[in-house]
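Structure first, commentary second.
In each ligand, atom 1 is the first atom listed, and ligand 1 is the first ligand listed. Quantities reported herein were computed from a predicted structural model and do not represent experimental measurements. Excluded from the calculations below are hydrogen atoms, water molecules and symmetry mates; all remaining heavy atoms, backbone and side chain alike, are included.
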Amino acid sequence: MTDTIPFSQEISNLLHASEGEPLKNCIQCGTCSGTCPVAGYMDNSPRQIIALINLGKKDQVLESNTFWYCASCYHCSVRCPQEIDITELMYALKRYSIWKNRYQEGLIGPTFSEAFVKMIIRGGRSFEPILATSYIFSFNTREFLQEIQGATELLLKGRLPILPARIKRLENFRRMIGRIIPMGGLE
Ligand code: SF4
Ligand code: SF4
């Protein structure tokens, strides 16, 4: 089945704080890529991702690690001469990628994000010991032991909870979240 609306329009519809199709205003100046601290680790720079979206290259965009490597530092957004909120675009691409269940294999980001959202929906709070299981086993032995050592030190200092906590009036919170994101499959 062919898509009913262009990919660039689909993505623009997810940029809730922007109007119209802001990505079409990109002049490909490269300021965002030049200012991005993690561009060197990305398959496609922020500038390239925007070009690919505007060209309708959906497969290439979803196969890219770009938005999963974004550190949400907002450098690109504040420096873009066209006032494009590139950070928001990176969040939108993460949401779209999880929604469509299409992302590069081996990335920690999608598993981590899904685990985090489910945890927040269930209890209203993050609980690091459970969250850590979504990425800690992807580390090598040395990194794994470093993480365990760090967690033990935090635990001994009382900075890591032993049991998960729940917020008060959780049902109200869940109703509010349900108005923002589709809850199906996340509860
Ligand atoms: S800084 Fe803005 S206009 Fe320049 S390439 Fe990036 S998104 Fe496009
Ligand atoms: S918000 Fe993301 S894409 Fe933009 S400069 Fe920071 S890390 Fe790079």
Side-chain angles (χ1 to χ4, degrees), residues 3 5-121 125-126 128 131-140 143 146-147 150 177 180-182 186:
D3 294 333
I5 58 170
F7 178 52
S8 61
Q9 180 69 63
E10 272 193 288
I11 297 302
S12 292
N13 289 348
L14 296 173
L15 304 177
H16 304 307
S18 309
E19 285 182 10
E21 285 198 69
L23 304 185
K24 297 283 187 204
N25 296 330
C26 174
I27 55 172
Q28 289 289 294
C29 67
T31 304
C32 49
S33 303
T35 201
C36 177
V38 289
Y41 299 96
M42 294 170 168
D43 295 333
N44 301 106
S45 67
R47 177 191 67 77
Q48 288 170 330
I49 275 290
I50 291 170
L52 289 169
I53 293 170
N54 284 338
L55 288 169
K57 302 283 186 187
K58 182 173 174 176
D59 293 340
Q60 228 173 310
V61 171
L62 292 178
E63 280 160 18
S64 173
N65 69 10
T66 303
F67 38 101
W68 293 111
Y69 272 55
C70 171
S72 310
C73 69
Y74 285 86
H75 280 184
C76 52
S77 295
V78 297
R79 290 181 179 152
C80 173
Q82 297 296 86
E83 299 185 350
I84 297 170
D85 190 345
I86 303 139
T87 314
E88 190 197 5
L89 167 67
M90 297 295 169
Y91 277 122
L93 289 170
K94 286 177 189 172
R95 293 198 303 277
Y96 186 88
S97 165
I98 287 189
W99 175 36
K100 298 290 180 183
N101 200 23
R102 284 190 57 190
Y103 36 77
Q104 197 183 98
E105 272 186 39
L107 290 174
I108 295 170
T111 318
F112 182 87
S113 296
E114 205 164 322
F116 181 78
V117 171
K118 281 181 178 172
M119 177 174 294
I120 296 301
I121 287 172
R125 282 186 198 279
S126 169
E128 289 83 354
L131 202 52
T133 57
S134 62
Y135 65 87
I136 199 167
F137 296 111
S138 62
F139 290 162
N140 63 35
E143 291 166 336
Q146 278 175 344
E147 286 293 313
I177 295 292
I180 304 168
I181 58 169
L186 288 171

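Dense packing is recorded around NZ of K94, with more than 12 heavy atoms of other residues, nucleotides or ligands lying under 6.0 Å away. Other residues, nucleotides and ligands contribute more than 12 heavy atoms inside 6.0 Å of the OH atom of Y74.
Note that CG of L131 and CD1 of I120 are 8.5 Å apart. Values are rounded to the nearest 0.5 Å.
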Requested in this report: Please assess L23 against S8 for the test side chain to side chain contact (heavy atoms under 4.5 Å, CB included), listing each intermediate value before the final yes or no.
Outcome: CA-CA 8 Å; L23 304 185; S8 61; 5.9 Å; no
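Protein atoms of type N/O/S that fall under 2.8 Å from atom 6 (Fe) of ligand 1 number 1 in this view.
Applying the 4.0 Å criterion to heavy atoms of P81 picks out, from ligand 1, the atoms 1 (S). Proximity to A71 (heavy-atom distance under 4.0 Å) selects the following atoms of ligand 2: 2 (Fe), 7 (S). Close approach to C36 involves these atoms of ligand 2, each under 4.0 Å from a residue heavy atom: 3 (S), 5 (S), 7 (S), 8 (Fe). When each atom of ligand 2 is checked for a heavy atom of V38 under 4.0 Å away, the hits are 7 (S). Within the listing of ligand 2, atoms 1 (S) sit less than 4.0 angstrom from a heavy atom of T87.
Taking the six-membered ring for Trp and the full ring otherwise, F67 and Y103 have centroids separated by 6.0 Å or more.
Within the 3.5 Å criterion, the main-chain N or O of L14 finds a donor-acceptor partner in the side chain of R95. Judged by distance alone, the side chain of Q104 and the main-chain N or O of E63 form a donor-acceptor pair under 3.5 Å.
Classified by interplanar angle (parallel below 30°, tilted 30° to 60°, perpendicular above 60°), the ring pair F112/F116 is parallel.
Counting protein heavy atoms only, atom 2 (Fe) of ligand 2 is closest to C70 SG, 2.3 Å. With respect to atom 6 (Fe) of ligand 2, the closest heavy atom belonging to the protein is C73 SG, 2.3 Å.
Heavy atoms of Y74 found under 4.0 angstrom from ligand 2 belong exclusively to the backbone.
Contact of the N65 side chain with the L107 side chain is registered, since non-hydrogen atoms from C-beta on lie closer than 4.5 Å. Between V61 and L93 the shortest side-chain heavy-atom distance falls below 4.5 Å.
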